[in-house]
Amino acid sequence: MAARTLRIGLIPGDGIGREVIPAGRRILESLPSSLGLKFDFVDLDAGYEHFKAFGTALPEKTVETLQKECDGALFGAVSSPTNKVAGYTSPIVALRKRLSLYANVRPCKTVLSPAFRSPSTSPIDLVIVRENTEDLYVKEEKTYPDPNGDGQIAEAIKRISTQASRRIATIAGEIAARRQKMRQKPNGEAAQKEAMVTITHKSNVLSQTDGLFRSTAREALAAPAFSSLKIEEQIVDSMVYKLFLQPQYYDVIVAPNLYGDLLSDGAAALVGSLGLVPSANVGEDIVMGEPCHGSAPDIEGKGIANPVATIRSVGCMLEFLNQPEAADVIYNAVDEGLREGKFISPDLGGKASTEEVMDDIVRRL
Ligand SMILES: NC(=O)c1ccc[n+]([C@@H]2O[C@H](COP(=O)([O-])OP(=O)(O)OC[C@H]3O[C@@H](n4cnc5c(N)ncnc54)[C@H](O)[C@@H]3O)[C@@H](O)[C@H]2O)c1
Ligand SMILES: O=C(O)CC[C@H](C(=O)O)[C@@H](O)C(=O)O
């Protein structure tokens, strides 16, 4: 059988993005040839450093190359400034919209290892499915003088649509159904963990925006295709509470954009580190793997960034490019390395460098 070639755009961005994306590339180059996959790579620019040098954080060439040439992409991280900088807009937020990457799928899983302990003592295996194109992320903000006194008023639009809510709930249902199938035992016995989608919202206060998200998600998940799933809902503040108290209970959590962003960093803390949690930005035309973490300026340049989130993101990208076998090879190699615990990075209490963790995983592929 002739090998299939996938073209992958590599966008390291800023900070530790530049240290972990090479690990992602190396993993793809090291996959066993028996999988029948080949990769070619195109290096693409984006980020705050690029903005400072050339006046744009997301060159059109990057967007066009991804749209016209690439099957998949790997994005590292960007160093978005926290103060307003004229002309700068987050390239990752822009890319998600420009490429219609409507779902941000973020699996969080505990690996039990003698080498490190996760803050959560019960094993976690959940997926956060974050809407990726709207909510407060439409970034329609304005500031104007306060007519009633000193100072100013700043406003932001929170936009929720039926279409985006339906689409995200549907993919969350599909992911839960797929996980249910994978958990089923060969003898037909039901798996221990209940297959479930938890719809997260704040419609007790935001009855129109989050209300629309909640009712649309409920409707989409009532489809016959999802009849084997338990569908439940949780107000986002108590969702945080319950997630921290009993994370092992959750299976698939679907959330509007901002709540999904916050919940995934919380879940990352529970499994041990942001350096462990991957994501896939999923659209109709392209899939972009991306670690959930940022550019980590506090450890940039030290060679100690944990590459596992990026390596698992390579698996997530391949999973959504319909290459589940290749994804499993990567997930298993990562889990085995963490379980054995010889090469553990400092964020998990170990001493291994980015390169040592990567080499250990490559050996196991
Ligand atoms: N997708 C993205 O591009 C993305 C995501 C989040 C934050 N950011 C940007 O990143 C910058 C820094 O943000 P922040 O410090 O709030 O969040 P961060 O995720 O960069 O870092 C938070 C903490 O986690 C640690 N950490 C993160 N990734 C790690 C890894 N792979 N290995 C070991 N430790 C890791 C960091 O050292 C830091 O202590 C900001 O400019 C923010 O805008 C970008
Ligand atoms: O800093 C940025 O430019 C984007 C950060 C980004 C987000 O979606 O808000 C990050 O928090 C993420 O989880 O991907």
Side-chain angles (χ1 to χ4, degrees), residues 11-24 46-52 57-58 73-85 88-97 101-106 108 116 119 128-139 156 255-269 271-281 288-313 316 334 338 343-358 361:
I11 316 144
D14 301 314
I16 64 164
R18 297 176 182 194
E19 298 168 36
V20 291
I21 288 300
Y48 190 52
E49 291 303 327
H50 195 271
F51 173 81
K52 285 193 286 188
L58 182 61
L74 292 174
F75 190 96
V78 291
S79 292
S80 291
T82 44
N83 53 322
K84 185 166 167 41
V85 174
Y88 178 85
T89 188
S90 165
I92 179 63
V93 173
L95 262 182
R96 291 169 183 160
K97 283 184 219 160
L101 297 166
Y102 66 90
N104 198 324
V105 181
R106 301 184 150 187
C108 293
F116 66 92
I128 293 169
V129 181
R130 166 185 177 189
E131 200 288 321
N132 219 15
T133 61
E134 56 180 28
D135 193 8
L136 281 163
Y137 278 76
V138 296
K139 297 208 307 174
N257 208 335
L258 184 61
Y259 306 150
D261 183 36
L262 307 181
L263 287 170
S264 51
D265 272 38
V271 296
S273 170
L274 262 172
L276 291 174
V277 179
S279 79
N281 294 274
M288 188 166 78
E290 178 204 351
C292 283
H293 61 73
S295 60
D298 53 340
I299 57 165
E300 177 186 351
K302 295 183 178 164
I304 55 166
N306 190 346
V308 164
T310 297
I311 293 171
R312 283 178 161 166
S313 300
C316 292
V334 168
L338 290 172
F343 296 94
I344 296 295
S345 51
D347 53 319
L348 294 169
K351 290 198 166 71
S353 66
T354 307
E355 212 163 291
E356 285 168 330
V357 176
M358 174 186 72
I361 295 170

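First listed ligand is number 1; within each ligand, the first listed atom is number 1.
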Does Arg130 qualify as a cation-pi partner of Tyr137, given the criterion of NZ or CZ under 6.0 Å from the six-membered ring centre and within 45 degrees of its axis?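 That pair qualifies as a cation-pi contact.
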Polar contact flag for [X] and ligand 1 (N/O pairs, less than 3.5 Å):
X      : result
Ala296 : yes
Asn306 : yes
Arg96  : no

Please tell me if [atom] is touched by the protein, where touching means a protein heavy-atom distance below 4.0 Å.
atom                    : result
atom 13 (O) of ligand 1 : no
atom 5 (C) of ligand 2  : no
atom 38 (C) of ligand 1 : yes
atom 20 (O) of ligand 1 : yes

What residue and heavy atom of the protein are closest to [atom], and at what distance?
atom                    : result
atom 27 (C) of ligand 1 : His293 CB, 3.5 Å
atom 35 (C) of ligand 1 : Ile299 CD1, 4.0 Å
atom 11 (O) of ligand 2 : Asp261 OD1, 3.0 Å

Hey, are Arg96 and Glu290 close enough for a salt bridge, meaning a charged N less than 4.0 Å from a carboxylate O?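 Glu290 and Arg96: salt-bridged.
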Numbering the atoms of ligand 1 from 1, which are under 4.0 Å from a heavy atom of [X]?
X      : answer
Ser80  : 40 (C), 41 (O), 43 (O)
Leu274 : 19 (O), 22 (C), 24 (O)
Ala305 : 32 (N)
Ile16  : 28 (N), 29 (C), 30 (C), 31 (N)
Glu290 : 1 (N), 2 (C)
Ser295 : 10 (O), 11 (C), 12 (C), 20 (O)
Asp298 : 36 (C), 37 (O), 38 (C), 39 (O)
Gly294 : 4 (C), 5 (C), 6 (C), 7 (C), 8 (N), 10 (O), 18 (P), 19 (O), 20 (O), 44 (C)

Show which atoms of ligand 2 fall inside a sub-4.0 Å distance from at least one heavy-atom site of [X].
X      : answer
Ile92  : 3 (O), 4 (C)
Arg106 : 12 (C), 13 (O), 14 (O)
Arg96  : 7 (C), 8 (O), 12 (C), 14 (O)
Glu290 : 14 (O)
Val78  : 3 (O)
Ser80  : 1 (O), 2 (C), 3 (O)
Tyr137 : 7 (C), 8 (O), 9 (O)
Ser90  : 2 (C), 3 (O), 4 (C)

Measuring only between side-chain heavy atoms, which start at C-beta, is [X] closer than 4.5 Å to [Y]?
X      : Y      : answer
Val357 : Ile344 : no
Asp14  : Arg18  : yes
Leu101 : Thr133 : no
Ser279 : Asn281 : yes
Val20  : His293 : yes

For atom 9 (C) of ligand 1, which of Val20, Asp14, Val78 has the closest heavy atom?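 Nearest option to atom 9 (C) of ligand 1, by heavy atoms: Val78.
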With a cutoff of 4.0 Å, is Ala309 in contact with ligand 1, counting heavy atoms of the residue only? no
Answer yes or no for His293: is there a heavy-atom contact with ligand 2 below 4.0 Å? no
Looking at every heavy atom in both [X] and [Y], which two are closest together, and how far apart are they?
X      : Y      : result
Ala309 : Pro291 : CB-CB, 3.7 Å
Ile128 : Gly260 : CG2-O, 4.0 Å
Met288 : Leu95  : SD-CD1, 4.1 Å
Ile16  : Glu300 : CG2-CA, 3.9 Å

Side chain Asn104, main chain Asn132, donor-acceptor under 3.5 Å: no
Which segment of Ser273 sits under 4.0 Å of ligand 1 when only heavy atoms are counted: neither
Contact region, Asp265 to ligand 2, non-hydrogen atoms below 4.0 Å, reads neither
Would you tell me whether Tyr48 and Ser80 have side-chain atoms, one donor and one acceptor, within less than 3.5 Å of each other? no
Pick one: which of Asn306, Ile304, Ile299 meets side chain to side chain contact (heavy atoms under 4.5 Å, CB included) with Pro346?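 The side chain to side chain contact (heavy atoms under 4.5 Å, CB included) with Pro346 is passed solely by Ile304 among Asn306, Ile304, Ile299.
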